[in-house]
Amino acid sequence: MNNAIVRLTGITIQNFKNVTYGTLSFENNRKNYKSSVLGLYGQNGSGKTALIDAIEFLKNALCGREIPSKFADFVNVDSESATLIYEFHIKIAQGSYKLIYEVSFKKAVDNTTQNIEQAIYDGTKYRTSIFNEVIKTTILSTNSKNRMGKLIDTNTDEIFLPRNKVNLLVGKEKKTKTNLLVAKKLTETSSRSFIFSPELLNAIREHVKDSENEEQFFYSALLEALVKFGNRELFIVNTSTSGLISLNAQPLMFKYESSRSSAVGTIMLPLDQPAVIPKETFGVVENIIQNMNIVLKQLIPGLVISIKELGTQFMDEDKIGVRIQLMSRKNSKEIALKYESEGIKKIISILQLLIVVYNKPSITVAIDELDSGVFEYLLGELLRIISEKGKGQLIFTSHNLRPLETLDKGFIAFTTVNPKNRYIRLSNVKETNNLRDFYYRDIMLGEQNETVYEPTNNAEISFAFRKAGEAIGS
């Protein structure tokens with residue numbers, strides 16, 4: 001189970017932000033690569049960030065965390081709820097299997113005595129209410145081992161359906177079932193996934209731990225693989241995390257776990273200010289920085305980063321912490337990393353994740369606006385190397401079109417102006433076509449079944465600038 005490899009193979013988005021409906025496969029059907037890369041391109045406001053946000057929702061759900069309240073506002077304005085459907089390929093000891101996780105959510109008011117309209121007027125806080133979670137996967141008890149069926153369906157007043165799967169996973173003990181019914185209500189009011197809540201997972205672990213039932217162990221292994229994936233192998237980089245180096249149980253840290261089990265946890269190193277880390281993690285962080293420098297000085301010749309110790313201080317629970325500042329050194333001159341260019345800071349913030357994507361098949365990284373501040377030639381070459389030689393999964397959005405010339409065409413998808421069919425792959429692309437030129441041509445001529453760019457009028461834009469200027473002058 002610890003060696004399980006999880007790959008996100010597809011997503012369907014319904015009534016989420018500006019996506020009424022969109023479905024996208026992350027698999028490259030053109031060529032068989034070890035890596036999985038998906039670059040999403042399109043007009044501003046056409047659903048690129050919605051894809052990254054949907055993957056962020058998945059991470060929170062799999063980790064059993066409270067879903068941030070911002071997702072309540074991501075429900076499409078014309079709908080009461082949103083639905084996200086994730087497809088996975090999971091490789092465990094028993095073999096390789098497909099699994100589907102479906103979840104719906106809606107906006108709910110913290111104070112249930114108020115309605116939504118009153119809450120808007122009063123400024124009442126909302127929460128994200130999860131409902132109708134479903135997991136479908138291979139059902140072993142059938143004659144055909146290839147048949148997909150429901151393993152867990154929470155759309156019921158009972159714990160979940162089917163009933164035979166309830167008995168199989170948590171047993172028949174009345175006390176356990178009563179406790180789980182209470183837990184289900186608590187997860188609903190606390191904006192958490194019930195399927196991936198500690199309450200349900202621990203009940204399954206307790207029931208299955210001494211079992212020799214192949215079916216029980218199989219389903220449990222699939223769930224544990226998803227939990228491990230969400231907590232330790234799925235990483236999101238968006239506007240809220242772009243200035244941080246994520247060291248959340250990175251695979252390069254695993255070799256330290258036996259002797260430093262307490263050292264591994266959630267560590268987010270800011271690039272532009274000092275940070276305090278547990279003293280026992282200092283050696284781990286220092287080692288990761290050294291590994292990053294191996295690649296960094298090849299990307300930006302002569303540049304390396306280092307850790308400057310600023311002293312010690314007490315942390316929570318009377319633990320001793322080390323106050324550190326990330327430094328940049330080039331040509332024997334050292335400055336605080338915060339004074340480097342935005343492009344250099346962007347590369348450093350994602351470099352550790354790119355390293356593990358290159359080396360580890362079990363890692364998935366989703367990055368919004370990967371190209372922000374990065375020189376386009378370097379961006380294209382980085383993505384070419386990762387796609388051709390890497391082992392993990394990289395999902396990114398970008399406005400820079402250079403990767404369209406360096407990546408295999410099967411790694412690229414596009415948004416459309418149609419909210420009911422947001423994501424497409426370009427059709428009729430020949431092997432000899434330059435995808436960048438082909439995309440430009442389609443913007444101008446509109447040769448796809450869906451429009452990929454809403455045309456703008458230069459004369460009207462110019463007139464608008466002039467009119468706005470006159471208003472300022474007056």
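- Considering only residues two or more places apart in sequence or on other chains, V429 meets the side chain to side chain contact (heavy atoms under 4.5 Å, CB included) condition with K409, L426, N433, L435, F438.
- Ring orientation note: the planes of Y86 and Y101 are close to parallel, at an angle under 30° on the 30°/60° scale.
- Within a 6.0 Å radius of OH in Y339, other residues, nucleotides and ligands contribute 12 heavy atoms or fewer.
- In this structure, the side chains of L40 and T415 come closer than 4.5 Å at one or more pairs of heavy atoms.
- By the salt bridge (Lys or Arg N to Asp or Glu O under 4.0 Å) test, R425 is found to be paired with no residue, residues two or more places apart in sequence or in another chain being considered.
- In this structure, K70 does not pair ionically with D73, as no charged nitrogen and carboxylate oxygen lie closer than 4.0 Å.
- Considering only heavy atoms from C-beta on, T137 stays 4.5 Å or farther from I100 through its side chain.
- Relative ring orientation between Y33 and F411 is described as tilted, the plane-to-plane angle lying within the 30° to 60° band.
- Two residues are said to be in side-chain contact when any heavy atoms from C-beta on lie closer than 4.5 Å; F57 and F105 meet this criterion.
- Comment: K345 engages E342 in a salt bridge, judged by a side-chain N to carboxylate O separation of less than 4.0 angstrom.
- Taking 4.5 Å as the limit, some side-chain heavy atom of L269 sits within range of a side-chain heavy atom of I324.
- Within the 3.5 Å criterion, the main-chain N or O of N421 finds a donor-acceptor partner in the side chain of T416.
- Residues T9 and R7 bring no donor and acceptor atom of their side chains to less than 3.5 Å of each other.
- Looking only at distances, a side-chain donor or acceptor of T406 sits under 3.5 Å from a matching main-chain atom of G380.
- Between the side chain of S349 and the backbone N or O of K346 there is at least one donor-acceptor pair closer than 3.5 Å.
- The side chain to side chain donor-acceptor pair (under 3.5 Å) search around Q325 returns none, not counting sequence neighbours.
- Under the 4.0 Å criterion applied to side-chain N and carboxylate O atoms, D368 and K48 are not assigned as salt-bridge partners.
- Judged purely by atom type and a 3.5 angstrom limit, S193 uses its side chain to pair as donor or acceptor with the backbone of F196.
- A donor-acceptor pair under 3.5 Å links the side-chain atoms of S398 to the main chain of N400, judged by distance alone.
- With hydrogens and angles ignored, the 3.5 Å screen pairs no side-chain donor or acceptor of Q14 with any backbone N or O of L84.
- Cation-pi check for K107 over Y126 is met; the charged atom lies under 6.0 angstrom from the ring centroid and within 45 degrees of its normal.
- Between E309 and R323 no salt bridge is recorded (no basic side-chain N to carboxylate O distance below 4.0 Å).
- Neither side chain, N18 nor N76, offers a donor N or O lying under 3.5 Å from an acceptor on the other.
- Side-chain polar atoms of Q448 and S427 form a donor-acceptor pair below 3.5 angstrom.
- D371 meets the salt bridge (Lys or Arg N to Asp or Glu O under 4.0 Å) test with no other residue; sequence neighbours excluded.
- Applying the 6.0 Å contact sphere to CG of N457 captures more than 12 heavy atoms from other residues, nucleotides or ligands.
- Of the possible donor and acceptor atoms, one in the side chain of K59 sits under 3.5 Å from a partner among the backbone N and O of L234.
- A salt bridge links R30 to E431: one of the charged nitrogens lies within less than 4.0 Å of a carboxylate oxygen.
- The backbone N or O of A459 sits nowhere less than 3.5 Å from a side-chain atom of S462 that would complete a donor-acceptor pair.
- Closest non-hydrogen pair, S191 versus I130, comes out as O-CD1, 4.5 Å.
- Looking only at side-chain heavy atoms (C-beta outward), E233 and K228 come within less than 4.5 Å of each other.
- For the 3.5 Å distance criterion, the side chains of S306 and E334 qualify, holding a donor opposite an acceptor.
- Counting only residues at least two apart or on different chains, the salt bridge (charged side-chain N to carboxylate O under 4.0 Å, His left out) pairs with a member in residues 446-458 are R441-E447.
- The existence of a salt bridge linking E381 and R402 is confirmed by a sub-4.0 Å separation between a basic side-chain nitrogen and an acidic carboxylate oxygen.
- Using a 30° and 60° split on the angle between ring planes, F71 and F74 fall in the perpendicular class, above 60°.
- Here the straight-line distance linking atom CD1 of I386 with atom CZ of F396 works out to 9.5 Å at 0.5 Å rounding.
- Ion pair E340/K330 not flagged as a salt bridge, since none of the NZ, NE, NH1 or NH2 atoms sits closer than 4.0 Å to an Asp/Glu carboxylate oxygen.
- Residues passing the side chain to side chain donor-acceptor pair (under 3.5 Å) test with T83 are S104, sequence neighbours excluded.
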